[in-house]
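Lettering follows sequence order; numbering is per chain, from 1.
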Number of protein chains: 2
Amino acid sequence: MTFTFSNDDRLPLYQRLRDELAANIAENRWRPGEAIPTEAELVSHYGVSIGTVRKAVDKLVAEGVLERFQGRGTFVRRASFDNAMFRFFRFQSETGEPLAPEGRVLNREVVEAPAQVAQGLNITAGSPVIHLTRVRLINQRPLLSESIWLPKEKFSALLDIPLSEFGNLLYPFYEERVGCAVASAQEYLTVEPVGAKDAELLQIAEGTAVITVERVAFGYDQQPLEWRRYCGLASHFRYHVEIR
Amino acid sequence: MTFTFSNDDRLPLYQRLRDELAANIAENRWRPGEAIPTEAELVSHYGVSIGTVRKAVDKLVAEGVLERFQGRGTFVRRASFDNAMFRFFRFQSETGEPLAPEGRVLNREVVEAPAQVAQGLNITAGSPVIHLTRVRLINQRPLLSESIWLPKEKFSALLDIPLSEFGNLLYPFYEERVGCAVASAQEYLTVEPVGAKDAELLQIAEGTAVITVERVAFGYDQQPLEWRRYCGLASHFRYHVEIR
DNA sequence: GCATCAAATTCATATATACGAATATATGTT
DNA sequence: AACATATATTCGTATATATGAATTTGATGC
């Protein structure tokens, strides 16, 4: 009744165990926010030593997939995109107020996936997708203009929900209504002159320099879930990196 | 004749060992590119187990300070800033040529440190600093305009060297001529309308949007060595991040 | 119910040991 | 001198074990 690893036996054992653990998350047997089995349980289930278990878990912690808490357990980490709006933009609060960002979906339509969207979502061009137009505001001032595309098949449940119920954060909303949790994302930044539609939504002059971000969001199974493009005034752009 | 740790004994042993190893690098006893003692030597010198040594080294590897090579040894990592020019900017090569970037120092002067420079270098405002004006070119086209400040005291050797000998990469040049190796850096990005001087150097119209980067470079002892501000056309800006 | 204390659970630290893999060094052969 | 081979060195993987720290759970008393 010992576990037999299904993957490549040329890899070190802790790597193969890492892959097994990751598969449990990708295939939704272990869900975000939940505890995975204890180290002792993993030892007996997989028939490896505690050192190997810890090394495999170490890797997944470093990858941001798991989170450990001494005395409590090891949990599937829920990716936090709460502050993604502030990753590249800073909006000064006059009086140091909390700066609660609001999200407002202005329009929803089903369209055929444009080429770039289809490529990002890894679907065939022309497949039906849901397209959301959304603005992010602080103190009623529109600061980011977003265009969001979702595969219609997987996200069709969103078509029956009034736009006013979408709330300020989309990813928890997706998870709640569609059961799709976002695990990671890739973002690509450029600077562009703003187009007519975004200019109107942001209440700025057409052609003003904006930072344009294209994002693909992935599930725990690495499948693309959402493609979006958003932009905000370049004069609000601020970013910091450490180089080593 | 056993080693006694000098640091806080409330910290775990591997942490304290990490700090001891890091101090050897910060105080220049172990130099970039060189091998540190073998794991077996560290075990006997510090009187700890191999597991603890490996955990301490693991940390420094994760921090980018050390580099391990199976069968060869563990080395102090030399930070590579070769591609820093391409971290935020992409310049298309028409024919897919190698794109060899050139660096050209146009001017060198000794001035009193402006407030922002002094703050970045952690010296008192008004202290003497060397100010370099430099452009980075590809195929003779100026693409980045740089302003570089160095503490005069530490870098005075640079004042005797003809500007033509500064070469295309400054950090290896600093290390060779001044003995100061750069270990890490912090960069802060914004988008600005270009000023008159930079516009002239970049041969663009004044007021064009440029990405402005402010950088503080640190030595292995975490002391600031260089402060610079550089800018390049915002239309050349491209950046990619992964979010987890 | 509620607070308090004890016990159990769970991850973290530290040591010891054995063997494997990658590389460098020494040796021997031609 | 050049090459092949054996040996030594050095980091990598895997196991076993003991103890400590942080947290949760359960028992107890009021």
Side-chain angles (χ1 to χ4, degrees), chain A residues 2-22 24-25 30 33-78, chain B residues 2-22 24-25 30 33-78:
Chain A
T2 61
F3 183 88
T4 46
F5 286 90
S6 56
N7 41 26
D8 191 341
D9 71 347
R10 291 167 303 185
L11 292 173
L13 191 50
Y14 75 88
Q15 260 291 357
R16 301 171 69 195
L17 177 56
R18 188 221 81 99
D19 294 344
E20 289 290 340
L21 303 183
N24 277 317
I25 298 163
W30 297 345
E34 290 181 1
I36 71 167
T38 68
E39 294 179 352
E41 285 167 340
L42 294 175
V43 163
S44 71
H45 182 263
Y46 290 102
V48 300
S49 76
I50 178 86
T52 303
V53 164
R54 282 190 63 80
K55 203 162 174 179
V57 172
D58 278 345
K59 281 215 78 173
L60 289 168
V61 169
E63 291 170 26
V65 177
L66 294 178
E67 224 172 349
R68 286 208 258 226
F69 299 95
Q70 187 176 2
R72 293 213 288 135
T74 303
F75 297 77
V76 180
R77 178 163 169 269
R78 195 186 297 278
Chain B
T2 59
F3 183 88
T4 46
F5 287 90
S6 56
N7 40 26
D8 191 341
D9 72 346
R10 290 166 304 185
L11 292 173
L13 192 49
Y14 76 88
Q15 261 290 357
R16 302 170 68 194
L17 177 56
R18 189 222 80 100
D19 295 344
E20 289 291 340
L21 303 183
N24 278 317
I25 298 162
W30 298 345
E34 290 181 1
I36 72 168
T38 67
E39 294 178 352
E41 285 167 341
L42 294 175
V43 163
S44 71
H45 182 263
Y46 290 102
V48 299
S49 76
I50 178 86
T52 302
V53 165
R54 284 190 62 80
K55 202 162 177 181
V57 173
D58 277 346
K59 280 215 78 173
L60 289 168
V61 169
E63 291 171 25
V65 177
L66 294 177
E67 225 172 349
R68 285 209 258 228
F69 299 96
Q70 187 176 359
R72 293 213 288 134
T74 302
F75 297 76
V76 180
R77 179 163 169 268
R78 194 186 298 279

- Working for side-chain contact (heavy atoms from CB on, under 4.5 Å), residues B/Val48 and B/Phe5: CA-CA 11 Å; B/Val48 299; B/Phe5 287 90; 4.3 Å; yes
- Message: What I want to find out is whether A/Glu67 reaches A/Arg72 closely enough, with some N-O distance under 4.0 Å, to be called a salt bridge.
- Response: no
- Query: Taking CG from B/Leu17 and C1' from C/dT15, how many angstroms apart are they, rounded to a whole number?
  - Reply: 14 Å
- Task: Grab the CD-P distance between A/Glu41 and C/dT10 for me, whole Å please.
- Result: 6 Å
- Query: Which one, D/dA14, D/dT10, C/dA14, comes nearest to the side chain of B/Tyr14?
  - Reply: C/dA14
- Which atom of B/Val76 lies closest to which atom of B/Leu66, heavy atoms considered: CA-CD2, 3.9 Å
- B/Glu39 has a side chain; which of C/dA12, D/dA14, D/dG12 sits nearest to it? D/dG12
- Task: Round to a whole Å and report the spacing from CZ of A/Phe75 to P of D/dT23.
- Result: 12 Å
- Task: Take the protein atom CZ of B/Arg10 and the nucleotide atom P of D/dA21, then report the distance between them rounded to whole Å.
- Result: 14 Å
- Query: Among C/dT17, C/dT15, C/dC11, which is the nearest nucleotide to the side chain of B/Ile50?
  - Reply: C/dT17
- Item | Length of the line joining B/Leu13:CG and D/dG20:C1', which is rounded to integer Å | 14 Å
- Relative to each other, are the rings of A/His45 and A/Phe3 parallel, tilted or perpendicular (30° and 60° limits)? tilted
- Message: If I compare all heavy atoms of A/Ser49 with all of A/Val43, which pair ends up nearest, and what's the gap?
- Response: C-CG2, 3.9 Å
- Query: Looking only at heavy atoms, which two atoms of A/Ala56 and A/Arg18 are closest? And how far apart?
  - Reply: CB-N, 3.7 Å
- Task: Report yes if a side-chain nitrogen or oxygen of A/Thr52 is closer than 4.0 Å to either non-bridging phosphate oxygen (OP1 or OP2) of D/dT13; otherwise report no.
- Result: no
- Task: Round to a whole Å and report the spacing from CG of A/Leu11 to P of D/dG12.
- Result: 17 Å
- Task: Strictly below 4.0 Å, heavy-atom distances to any atom of DNA chain D: list the hits from residues 65-74 of chain A, or just say none.
- Result: A/Gln70, A/Gly71, A/Arg72
- Item | N or O in side chain of A/Arg54 less than 4.0 angstrom from C/dA12 OP1/OP2 | yes
- Specify the separation, in whole Å, of atom NZ of A/Lys59 and atom C1' of D/dT13. 13 Å
- Measure from CZ on B/Arg16 to P on C/dA12 and round the result to the nearest Å. 20 Å
- Query: Considering only side-chain heavy atoms of B/Pro12, which listed nucleotide, C/dT13, C/dC11, D/dG12, is closest?
  - Reply: C/dT13
- Task: Let me know which of B/Leu21, B/Thr38, B/Leu42 forms a side chain to side chain contact (heavy atoms under 4.5 Å, CB included) with B/Val53.
- Result: B/Leu42
- Under-4.0 Å side-chain N/O to phosphate OP1/OP2 contact, B/Lys55 with C/dT13: yes
